[in-house]
Amino acid sequence: MTTDLLAPYTLNDSLELKNRVFMAPLTRCMADDNLVPTQDMVEYYARRADAGLIISEATIIRPDAQGYPNTPGLFTSEQIQGWKKVTDAVHANGGKMFAQLWHVGRVAHPHFFDGEVLAPSAIGVEGSVPRMRELTYITPKAATKEDINSLIADFAKAAENAIEAGFDGVEIHGANGYLIDQFLHYAANERTDEYGQTPENMARFAIEVTDAVVNAVGNERTAIRLSPGAYFNMEEDKRDKAVFDYLLAQLDDKKLAYIHGGIFDDSTQFDSLEGKTTSQYLRANTKTSLVGVGSYSFDDAKQAINNDQFDLIAIGRPFIANPDYISKVANNEELVAYSDEMLAKLF
Ligand code: FNR
Ligand code: 8K6
């Protein structure tokens, strides 16, 4: 029997979804200068409420989490009220929405805030901020134990704020070379304390953040995105796999809503994952509901789910190009092709 991706689906007996197609988190850099969601953002998300679950664009947990212009936040009451308008509009259209909680770590830039750039270790990235190429990345400060405790507390606080803002849950952004991912890869983590050197230690920050968020909002409302293969602002290292093996085994006990791969093209095979793709590796190492992503067409996603490669699919760029993605694929209508120029405005 083939699975109908567009039929209602109950995730973990707790979250009723209209279908198995998520809108992937997509940074748009369109919040106002106080990092508050705008009316255009309300309408942009409301137009996409036919997705089974919308995952918000990555949303910063506190000021020093910022690495790109006008990315929204979830740490002021104004930002919470702004997001409430978004979630109300999505709910009014019958949709559901999780907030993606973000700290960019060493990819932050002090242009955006007063203070230091924090990361696991004082290892910088090459290059400069997208859209603001004059801002060259700086060498971060290795977070102290006190910094780490405050980061964990601020992830939990942002999760609470997300629920206050009307989100149905949160996805911890543990992927794509940002703060949590920096702890998980040897290329960015040279710590010699209990957060470095061994898989158990390198997974500790991700686990502590997850535990704090679960404690704040509940396991069924907590998900995490992970990039076991390094591909964005990160160098691959064959030792990384043992860190993810350990982390995934620990996460399984927490009964999270889902695990979501972080990758642009899921046909990418990683040497560090013994030649596996992101979804192949994750499927083999977690029992948690798995969301696949990365350059999938609807038909390819259907086939992958029918082959039991993952349970749900997240669609990114096609959802930018087609606000009515779900009705188009349901009716076999042709999709508008995505192009980078579409990032210039919300529609
Ligand atoms: C992204 N992606 C991304 N990922 C994430 O975890 N948080 C984010 O905020 C963003 N922002 C973002 C912006 C833009 C413009 C693009 C194109 C991508 C990655 C995204 O969620 C997804 O993994 C990829 O786009 C691959 O899926 P598609 O687009 O091939 O379906
Ligand atoms: C849209 C501007 C703000 C940037 C937000 C960060 C999200 C990433 C945007 C796309 C970057 C593409 C990088 C793809 C790397 C693939 C390497 C194989």
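Atoms within each ligand, like the ligands themselves, are counted from 1 in listed order. Hydrogens, waters and symmetry mates play no part in the numbers below; they use all other heavy atoms, side chains included.
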Inset, instruction - Going by heavy-atom distance to atom 26 (C) of ligand 1, choose the closest among I263, I320, T71, T59. - result: I263
Inset, instruction - Examine the proximity of ligand 1 to N176 and report which part, side chain or backbone, both or neither, has a heavy atom under 4.0 Å away. - result: side chain
Legend entry - Backbone or side-chain N or O of Y296 under 3.5 Å from ligand 1 N or O: no
Legend entry - Closest to atom 10 (C) of ligand 1 (judged by heavy-atom distance), picking from P25, A58, A314, A24: P25
Inset, instruction - With heavy atoms of L343 as the reference, note each atom of ligand 1 found under 4.0 Å away. - result: 15 (C)
Inset, instruction - Any chance you could lay out the side-chain hydrogen bond (donor to acceptor under 3.5 Å, both in side chains) test for N12 and S289, step after step, and finish with the verdict? - result: CA-CA 8 Å; N12 308 322; S289 297; 3.0 Å; yes
Inset, instruction - Evaluate the side-chain proximity of Q197 to R191: yes if any heavy-atom separation is below 4.5 Å, no if none is. - result: no
Legend entry - Salt-bridge present (R283, D308; N to O < 4.0 Å): yes
Legend entry - Option set R317, H260, R225, criterion heavy-atom distance to atom 5 (C) of ligand 1, minimum: R225
Legend entry - 4.0 Å heavy-atom contact, I55 with ligand 1: no
Legend entry - Donor + acceptor pair across side chains of S339, E341 (<3.5 Å): yes
Inset, instruction - Go through the side-chain N and O atoms of S297 and D299 and say whether any donor and acceptor fall under 3.5 Å apart. - result: no
Inset, instruction - Would you check whether E57 has a nitrogen or oxygen atom less than 3.5 angstrom from a nitrogen or oxygen atom of ligand 1? - result: no
Legend entry - Heavy-atom gap G262 to ligand 1 smaller than 4.0 Å: no
Inset, instruction - Assess the side chains of E274 and Y281: does a donor N or O sit below 3.5 Å from an acceptor N or O? - result: no
Legend entry - Any G294 heavy atom less than 4.0 Å from ligand 1: yes
Inset, instruction - Please determine, by modelled atom types, if H185 and N189 share a side-chain donor-acceptor pair under 3.5 angstrom. - result: no
Inset, instruction - Pick one of side chain, backbone, both or neither for how L26 approaches ligand 1, counting any non-hydrogen atom pair under 4.0 Å. - result: both
Inset, instruction - Check ligand 1 against H173 and write out every atom of the ligand that is under 4.0 Å from a heavy-atom position of the residue. - result: 5 (C), 6 (O), 7 (N)
Inset, instruction - Look at the rings of Y68 and W102 and say which category their plane angle falls in: under 30° parallel, 30 to 60° tilted, over 60° perpendicular. - result: parallel
Legend entry - Close-contact set for ligand 1 against V293 heavy atoms, below 4.0 Å: 23 (O), 27 (O)
Legend entry - Between E171 and H260: side-chain donor-acceptor atoms closer than 3.5 Å: yes
Legend entry - Nitrogen or oxygen of G316 less than 3.5 angstrom from that of ligand 1: yes
Inset, instruction - Could you tell me whether the side chain of I54 reaches within less than 4.5 Å of the side chain of F98, counting heavy atoms only? - result: no
Inset, instruction - Enumerate the atoms of ligand 1 whose separation from the nearest heavy atom of Q100 is less than 4.0 angstrom. - result: 5 (C), 6 (O), 7 (N), 8 (C), 9 (O)
Legend entry - For I315, atoms of ligand 1 separated by under 4.0 Å from a heavy atom: 31 (O)
